[in-house]
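Below is one structure, written out as structure tokens; the observations come after it.
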Amino acid sequence: MNAMIKQPMPFSDDIEHDPIHLAAADWFVRLQSTEVSLEETLAWQAWLHENPLHAQAFARIEEISDVMRHIAAPPAASMRELARDRYDASVPIKNWKRRVCAVDRGWRWAWRLRLPPPH
Amino acid sequence: MVNAVSMPPPPADQVAEPTPSDESRATVVERLFREHNEALIRFLRGRVGSHNEALEVAQEAYVRLLSLDQPGAVSYLRAFLFKTAANIAIDRRRRHQTFDKVTGRQLFTELAENRTPERQLSGEQALGRLGALIEAMPPKCRQSFVLNQIHGLDAATIATQLGITDSMVRKYVVRALLHCRAHMDDERND
């Protein structure tokens with residue numbers, strides 16, 4: 001058992017793009033809803049037992065909620081921040097951050113070179 | 001028997017619960033599920049480690065209920081459901097006491113809960129970095145995640161607050177969970 005823990009992770013390095021983790025997080029969030037149907041609960045169980053990696057990924061997502069109990073809630077976002085937010089969850093957050101940085105750099109360059117704004 | 005004849009008719013909701021036949025058993029379990037699942041989950045939540053474990057225990061109890069040879073009336077089944085669930089929870093706790101070390105509440109939780117001064121400090125720093133990661137998330141995503149995972153609000157309530165759909169809230173929370181998970185793995189590998 002100990003040897004198992006020391007083995008490298010069976011998942012890809014890129015957790016944010018890993019389909020099993022995506023499915024695990026999706027189940028985790030769906031099950032936390034107050035209205036979970038019997039069918040959904042059964043489907044989740046079936047998914048968990050389908051592949052040991054599924055159960056492992058689910059436990060790894062569940063672990064986050066343990067950690068969250070120790071985190072102080074950050075201040076709420078302002079209306080202005082919320083209104084300006086264009087992130088639609090279609091890509092992982094790390095990709096969004098990268099894009100925001102790139103756009104930001106683009107603007108700065110454009111300003112320096114007095115070019116029309118990039119699109 | 002004579003007495004039984006002179007008894008007033010049972011209230012309407014009891015008329016609707018005769019001893020279930022095989023074909024209606026699934027329906028009865030489904031009815032128990034709809035009416036008592038939330039109470040059952042709350043009941044179990046105090047007995048197991050996590051919300052999802054409570055769901056798993058509840059699920060096992062329903063399965064046992066479905067396999068009963070002689071199911072009785074709904075009121076009996078309800079009592080059976082809660083008793084079975086409590087027993088399953090106890091069994092699990094016993095099993096967990098031996099397996100806990102192996103499944104490992106991993107680095108983060110360990111650091112957060114282990115109270116030697118150095119560890120406490122590095123644990124707090126790790127939690128601080130995770131807090132900063134959350135703060136740097138896109139605002140609607142961050143808000144959905146914080147309200148859902150730290151304040152415990154459900155997706156529908158958050159959706160109303162932010163003026164977006166439930167499913168969007170869930171998508172945000174999923175992305176945020178994965179972002180945190182990736183960060184925690186990076187820290188663990190350092």
Side-chain angles (χ1 to χ4, degrees), chain A residues 1-2 4-5 9 13-18 21-22 24-38 41-42 44-45 48 58-78 81-82 84-94 96-97 100, chain B residues 29-30 33-34 37-38 49-53 55-56 58-59 62 102-106 108-109 112-113 123-124 127 130-132 134-143 146-151 154-156 162-163 166 168-182 184-185:
Chain A
M1 272 307 203
N2 263 330
M4 262 179 66
I5 289 173
M9 265 212 311
D13 284 342
D14 193 354
I15 292 302
E16 289 189 70
H17 281 100
D18 179 48
H21 276 79
L22 198 60
D26 196 52
W27 273 120
F28 180 78
V29 171
R30 270 206 268 168
L31 293 171
Q32 280 189 333
S33 142
T34 41
E35 285 165 37
V36 187
S37 70
L38 182 57
T41 315
L42 290 170
W44 166 61
Q45 289 274 301
L48 270 190
F58 190 84
R60 280 164 44 77
I61 296 297
E62 212 178 12
E63 195 193 341
I64 299 167
S65 60
D66 281 349
V67 175
M68 286 307 141
R69 263 184 267 150
H70 304 284
I71 294 256
S78 69
E81 266 186 300
L82 290 173
R84 283 174 49 178
D85 182 12
R86 293 282 168 269
Y87 177 62
D88 64 359
S90 57
V91 295
I93 295 175
K94 76 168 183 189
W96 172 83
K97 278 185 174 170
V100 167
Chain B
V29 171
E30 207 175 319
F33 182 89
R34 302 224 185 282
N37 193 49
E38 252 182 72
S50 69
H51 180 78
N52 291 298
E53 203 181 344
L55 285 173
E56 224 172 302
Q59 158 69 22
Y62 289 116
V102 181
T103 47
R105 294 280 136 223
Q106 299 168 342
F108 256 78
T109 328
E113 279 168 1
E124 273 162 15
L127 289 173
L130 187 59
I134 295 169
E135 274 201 68
M137 287 176 183
K140 280 183 277 188
C141 178
R142 180 211 328 168
Q143 196 85 331
V146 168
L147 291 176
N148 182 242
Q149 295 294 315
I150 301 182
H151 297 291
D154 67 350
L162 295 182
D166 290 21
M168 201 61 202
V169 171
R170 283 194 288 269
K171 277 186 204 162
Y172 280 142
V173 177
V174 165
R175 290 295 182 197
L177 282 168
L178 296 181
H179 197 53
C180 289
R181 185 66 258 181
M184 283 158 67
D185 290 342

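Just so you know, these numbers come straight off a predicted model, no measurement behind them. Numbers restart at 1 for each chain; the letters A, B, ... are given by sequence-line order, proteins then strands.
- Put simply, the side chain of Tyr87(A) never gets that close to the backbone of Tyr172(B): no donor and acceptor are under 3.5 Å apart.
- Annotation: side chain of Val67(A) is in contact with side chain of Met184(B) (closest heavy-atom distance under 4.5 Å).
- Checked by atom type and distance alone, the side chain of Arg181(B) pairs as donor or acceptor with a backbone atom of Arg60(A) at under 3.5 Å.
- The parts of Asp88(A) that come within reach of chain B are both its backbone and its side chain, each placing non-hydrogen atoms under 4.5 angstrom from that chain.
- Under the 4.5 Å side-chain criterion, counting only non-hydrogen atoms from C-beta, Glu16(A) is not in contact with Leu177(B).
- Listed by chain and residue number, Asp14(A) satisfy the salt bridge (Lys or Arg N to Asp or Glu O under 4.0 Å) test with Lys94(A) (two or more places apart in sequence, or in another chain).
- With chain B as the partner, the residue from Arg86(A), Glu81(A), His17(A) showing the most heavy-atom pairs under 4.5 Å is Glu81(A).
- Side-chain contact between Glu62(A) and His51(B): absent, with no pair of heavy atoms (C-beta onward) separated by less than 4.5 Å.
- Taking Lys140(B), Arg170(B), Met137(B) one by one and counting their heavy-atom pairs under 4.5 Å with chain A, the maximum is reached by Lys140(B).
- With a 4.5 Å cut-off on side-chain heavy atoms, Pro92(A) and His179(B) do not count as touching.
- Side chains of Pro75(A) and Glu135(B) form a contact here, defined as non-hydrogen atoms less than 4.5 Å apart.
- Atom-to-atom distance recorded for Ile15(A):CD1 and Cys180(B):SG is 13.0 Å, nearest 0.5 angstrom.
- Between Met68(A) and Ile134(B), the closest side-chain pair of non-hydrogen atoms falls below 4.5 Å.
- Atom CD of residue Gln143(B) and atom CG of residue Leu82(A) lie 5.5 Å apart, to the nearest 0.5 angstrom.
- Partners of Gln59(B) according to the side chain to side chain donor-acceptor pair (under 3.5 Å) rule, which considers only residues two or more places apart in sequence or in another chain, do not exist here.
- Neither the backbone nor the side chain of Ser78(A) comes within less than 4.5 Å of any heavy atom in chain B.
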